[in-house]
*Asks:* 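The structure's right below; bear with me while I get my questions together.
Both backbone and side-chain heavy atoms feed into the values below; hydrogens, waters and symmetry mates do not.
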Amino acid sequence: MLDLDLKERVRAAVDIVDVIGASLTLSPKGRMLAAHCPWHDDRSPSLTVNKERQTWKCWVCDIGGDVFSYVMKREGVDFVTALRMLADEAGIEYQVGPKVEPGSKDDKATLLSAVKLVCEAYFDLLDSPKSDDARIARDYLAERGIDDQQRRTFQIGFSPDSWDFATGLLEKNKFRPEIGPAAGVALQRRGGGSYDLFRGRLMFPIHDAQGKPISMGGRVIPPIAARHGDKAGGKYINGPETKLFRKSQQLYALDKSRDAIRKAGQALVMEGYTDVIAAHQAGIEPAVAVLGTALGEGHVKLLKRWTDRVVLVLDGDAAGRRRADEVLELFVKADADLRVLTLPEGMDPADYLAKYGAAAMESLIGEAPDALEHKLTSLTDGIDVTNDTHQVMSAIGTMTSILARAPKLDPLKQDQIMLRLSRTFGIGKERLEDSLEQKRQEEKQRSQNAERFRRQKEQADRKQAAQNRAKQNSAKPQPSRQRPPNQHPNPPRSAGPVDPNQLLNEAAEFDVDAFDPGGFDSASPIDAYIADAPDTDSYFHGDGYGSEDDEPSFGASVSHAAEPQGSSSPRQADVPLSSIDRELFETMIESPDLAGRAVETVDPEWLDTYAAKMLLAAYQELDLEGRDLSVETLLLLLENDFLKNEVVTMQFRLARREGRSTLSPEQRFQSVLKQYHDREEKADKLRKIAQLESSSLDEEQELEVLKQLFDSMKTSQQLDR
């Protein structure tokens with residue numbers, strides 16, 4: 001559970017004006033501050049900051065929240081990462097999981113410091129070359145067309161042709177011997193100690209999306225590499241995977257490109273450092289590069305924080321064409337507009353830009369086909385689809401095999417793909433779907449066979465290992481490992497404070513159609529809403545871009561109360577509060593005392609939207625734990641940006657009409673309760689009338705229902721009996 005007190009300490013330690021002012025220019029606007037919103041074409045400042053309440057709001061984008069929400073939106077991160085970043089900025093220790101010893105190889109802060117120290121040293125060596133090798137490196141970089149501005153922007157450096165420059169630097173700065181290999185800048189010697197991983201290379205620091213150096217890559221410099229012959233190593237070497245660096249989850253230059261990606265509405269994924277730098281130098285800034293691995297689902301998920309359109313720019317060689325084929329499977333699985341651009345024969349992006357310029361490159365990018373069209377063009381190139389039956393059947397088999405490997409394929413996307421295949425090959429959509437289903441059955445059988453083989457191999461390995469142990473320890477009796485008869489293999493959680501964020505996250509694991517609310521622990525008031533929530537997988541998972549140690553967030557989106565039968569929408573996500581629900585929560589925000597009364601008197605079923613139910617549940621959790629029911633505490637509990645925006649919007653509405661309302665919060669609260677009661681009475685009458693009209697009641701039951709209706713009417717009209 002994320003500690004509410006930790007959130008409070010972090011929020012109290014940072015000023016939202018400083019955080020927003022670090023990237024935007026704030027100017028006075030009445031009692032508020034205003035800035036140009038970075039998320040739309042803002043000609044006059046429309047992002048408003050309330051210093052007193054520590055909140056922000058853009059009315060054009062309809063987004064807003066507290067300082068955590070702003071960092072989440074600006075950095076494209078989840079709540080936990082935003083909390084961690086602000087805690088670091090405030091100097092507040094934030095630890096999740098077992099305590100890590102400072103200075104050890106498991107301490108991420110130590111590893112970050114080590115990588116930063118080495119990167120800066122490499123940069124200094126190239127920035128002010130003092131050795132002959134450094135000057136050779138500087139000249140070679142200039143030959144590659146990279147100017148000094150880009151060299152400084154990307155912090156390009158030089159690693160000396162030495163075995164102990166980085167390791168010696170770390171030792172001199174009191175880092176433990178194991179830190180070099182753990183940080184990915186050195187390799188462990190078999191006999192103990194370590195030596196530099198990068199020697200005599202141009203160095204390209206790899207930063208995370210927030211600009212912290214987490215690894216580096218090195219490119220050979222031909223004159224220096226020539227000294228070592230075939231022992232010079234590969235053309236490019238990326239740092240190994242560490243606690244800081246995961247190749248499948250990082251992209252080169254994302255920290256420098258993310259704002260350009262957001263503005264351009266697309267990301268250009270290239271294959272090398274110099275390609276990206278050449279693109280930026282030419283003014284094409286939404287460019288990033290993969291890091292020694294193919295573009296994968298993790299990369300697409302990462303990029304979707306800023307855009308839905310990803311253009312893979314591949315070299316015009318045989319390897320590039322093979323990668324274009326491989327990316328089709330990713331296109332099928334990924335919920336993104338994935339496009340493929342293969343450059344002319346033998347050219348990489350840097351070559352193409354040098355020869356044809358940025359305008360020609362941008363034209364190619366604009367015309368890049370999606371991955372499916374790219375593959376179809378490749379398969380049908382030179383084929384007569386009308387007469388060449390064998391080639392057509394081979395192409396169809398290739399396409400359906402790729403589609404069959406996708407674990408989940410959206411039905412609408414599948415229909416659209418099948419329709420395109422049908423048009424391309426002149427074969428009926430139904431027959432193509434039959435072929436796809438056959439391929440799926442074959443793929444399923446293949447997977448089952450592979451799984452069966454894996455289990456048999458594991459059993460054989462375990463049996464062999466047991467026999468080996470028995471031979472080695474035949475003279476030593478083995479202690480019993482049986483579990484005591486009264487001990488459950490997975491003991492239940494101990495009772496303790498209920499975290500609604502955790503409950504909501506766990507609820508997403510249930511299939512809502514098969515979910516039995518009666519079987520769920522009802523210790524928390526939020527449980528009552530979980531059973532009714534539509535489409536839990538999309539409902540409870542907000543950004544989906546968390547790391548393995550991320551905490552869950554309090555709801556991810558909200559959905560409208562039950563839709564009528566036959567509704568065309570599968571779920572009503574992010575539905576704002578209705579006017580009556582908004583009036584209720586505005587009185588609660590204005591008066592925390594009324595919030596306490598609302599927790600006791602308002603039935604969640606009276607509320608119109610799931611957003612309202614989630615907000616009421618949050619208030620109930622705060623009340624159960626004896627917390628203050630102020631709006632500030634409510635915002636700390638909420639981790640979902642949509643719900644936070646709803647709360648902050650109500651705050652701004654209240655501020656705008658301050659002093660203008662003729663009714664007190666108490667009077668408005670009572671008016672809202674009366675409206676809820678009136679609606680319930682009307683609904684009850686309609687139910688009773690429906691009962692009478694259904695002819696399902698006997699005479700005695702009809703009389704009783706009629707009496708209830710008459711009594712209800714007398715009460716509502718304030719008639720005497």
*Asks:* Give a yes or no answer on whether the side chain of H374 reaches the backbone of P369 with a donor-acceptor pair at less than 3.5 Å.
*Replies:* no
*Asks:* Looking only at side-chain N and O atoms, does D78 offer a donor or acceptor that is under 3.5 Å from a partner on T81?
*Replies:* yes
*Asks:* Specify the closest pair of heavy atoms between Q250 and L244, including all atoms of both residues, with the distance to one decimal.
*Replies:* NE2-O, 4.1 Å
*Asks:* When rounded to the nearest 0.5 angstrom, what is the spacing between CG in L338 and CZ in R309?
*Replies:* 10.5 Å
*Asks:* Can you check whether G265's main-chain N or O pairs, donor with acceptor, with T307's side chain at less than 3.5 Å?
*Replies:* yes
*Asks:* From the options F198, F154, Y273, select the one residue that forms a ring pair (Phe, Tyr, Trp, His ring centres under 6.0 Å) with F204.
*Replies:* Y273
*Asks:* Which atom names give the shortest non-hydrogen contact between K7 and L637, and what distance separates them?
*Replies:* NZ-O, 3.6 Å
*Asks:* Roughly how far, to the nearest 0.5 Å, is CG of D133 from CD1 of I224?
*Replies:* 4.0 Å
*Asks:* Can a donor-acceptor pair be found, under 3.5 Å and without considering hydrogens, that links the side chain of D107 to the backbone of G103?
*Replies:* yes
*Asks:* Between R339 and D370, what is the shortest heavy-atom contact and its length?
*Replies:* NH1-N, 3.5 Å
*Asks:* Please give me the minimum heavy-atom distance between I284 and M361, naming the atom from each residue.
*Replies:* CD1-CG, 3.7 Å
*Asks:* If I take atom CD1 from residue I146 and atom OG1 from residue T153, how far apart are they, to the nearest 0.5 angstrom?
*Replies:* 11.5 Å
*Asks:* Among L364, L341, V269, which one satisfies side chain to side chain contact (heavy atoms under 4.5 Å, CB included) with V313?
*Replies:* L341
*Asks:* When you compare the side chain of I179 with that of T110, does any pair of heavy atoms fall below 4.5 Å?
*Replies:* yes
*Asks:* Any idea which heavy atoms bring G233 and V220 closest together, and the distance?
*Replies:* O-CG1, 4.4 Å
*Asks:* Are there more than 12 heavy atoms of other residues, nucleotides or ligands under 6.0 Å from atom NZ of K256?
*Replies:* yes
*Asks:* Would you say the side chain of R74 lies within less than 4.5 Å of the side chain of W39, judging by non-hydrogen atoms?
*Replies:* yes
*Asks:* Quick check against the 3.5 Å criterion: does H299 have a side-chain atom that pairs as donor or acceptor with the backbone of A289?
*Replies:* no
*Asks:* Mind checking whether F165 and V118 have side chains closer than 4.5 Å, heavy atoms only?
*Replies:* no
*Asks:* Any idea which heavy atoms bring G200 and I221 closest together, and the distance?
*Replies:* O-CD1, 4.0 Å
*Asks:* I'd like to know if D208 and R246 make a salt bridge, using a cut-off of under 4.0 Å between side-chain N and carboxylate O.
*Replies:* no
*Asks:* Are the charged groups of K57 and D62 less than 4.0 angstrom apart, N to O?
*Replies:* yes
*Asks:* Any side-chain heavy atom of E101 within less than 4.5 Å of one from D106?
*Replies:* no
*Asks:* To the nearest 0.5 angstrom, please state how far the CG atom of N640 sits from the CG atom of N645.
*Replies:* 9.5 Å
*Asks:* Does S113 reach the main-chain N or O of A109 with its side chain, forming a donor-acceptor pair under 3.5 Å?
*Replies:* yes
*Asks:* Looking only at atom types and distance, does a side-chain atom of R199 sit under 3.5 Å from a main-chain N or O of S159, one as donor and one as acceptor?
*Replies:* no
*Asks:* Between Q155 and F123 (side chain of the first, backbone of the second, donor and acceptor by atom type, cut-off under 3.5 Å), is there such a pair?
*Replies:* no
*Asks:* Any heavy-atom pair between the side chains of D351 and D348 that's under 4.5 Å?
*Replies:* yes
*Asks:* Does R258 use its side chain to pair, donor to acceptor, with the backbone of A209 at less than 3.5 Å?
*Replies:* yes
*Asks:* Output yes when a side-chain donor or acceptor of Q281 lies under 3.5 Å from a complementary backbone atom of G145, and no otherwise.
*Replies:* yes
*Asks:* With a 4.5 Å heavy-atom cut-off, do L141 and L126 have their side chains touching?
*Replies:* yes
*Asks:* Between K243 and K108 (side chain of the first, backbone of the second, donor and acceptor by atom type, cut-off under 3.5 Å), is there such a pair?
*Replies:* no
*Asks:* Between E285, R262, H280, which is the residue that forms a side chain to side chain donor-acceptor pair (under 3.5 Å) with S257?
*Replies:* H280
*Asks:* Going through the distances and angles, do R201 and Y236 end up as a side chain to side chain contact (heavy atoms under 4.5 Å, CB included)?
*Replies:* CA-CA 9 Å; R201 289 176 177 260; Y236 284 101; 5.7 Å; no
*Asks:* Got a second to check how far T274's OG1 is from Q150's CD, nearest 0.5 Å?
*Replies:* 12.5 Å
*Asks:* Should W56 and V67 count as side-chain neighbours, where that means a heavy-atom distance under 4.5 Å?
*Replies:* no
*Asks:* When rounded to the nearest 0.5 angstrom, what is the spacing between CZ in F158 and CD1 in I136?
*Replies:* 8.0 Å
*Asks:* Looking at K212 and D255, is any side-chain nitrogen of the basic one under 4.0 Å from a carboxylate oxygen of the acidic one?
*Replies:* no
*Asks:* Can you check salt bridge (Lys or Arg N to Asp or Glu O under 4.0 Å) on D641 and K644, steps first, answer last?
*Replies:* CA-CA 5 Å; D641 53 358; K644 284 194 173 191; over 6 Å; no
*Asks:* Going by heavy atoms in the side chains, are L187 and L197 under 4.5 Å from each other?
*Replies:* yes
*Asks:* Side chain to side chain contact (heavy atoms under 4.5 Å, CB included) for L170 and V185? Distances and angles first, verdict last.
*Replies:* CA-CA 10 Å; L170 293 174; V185 300; 3.9 Å; yes
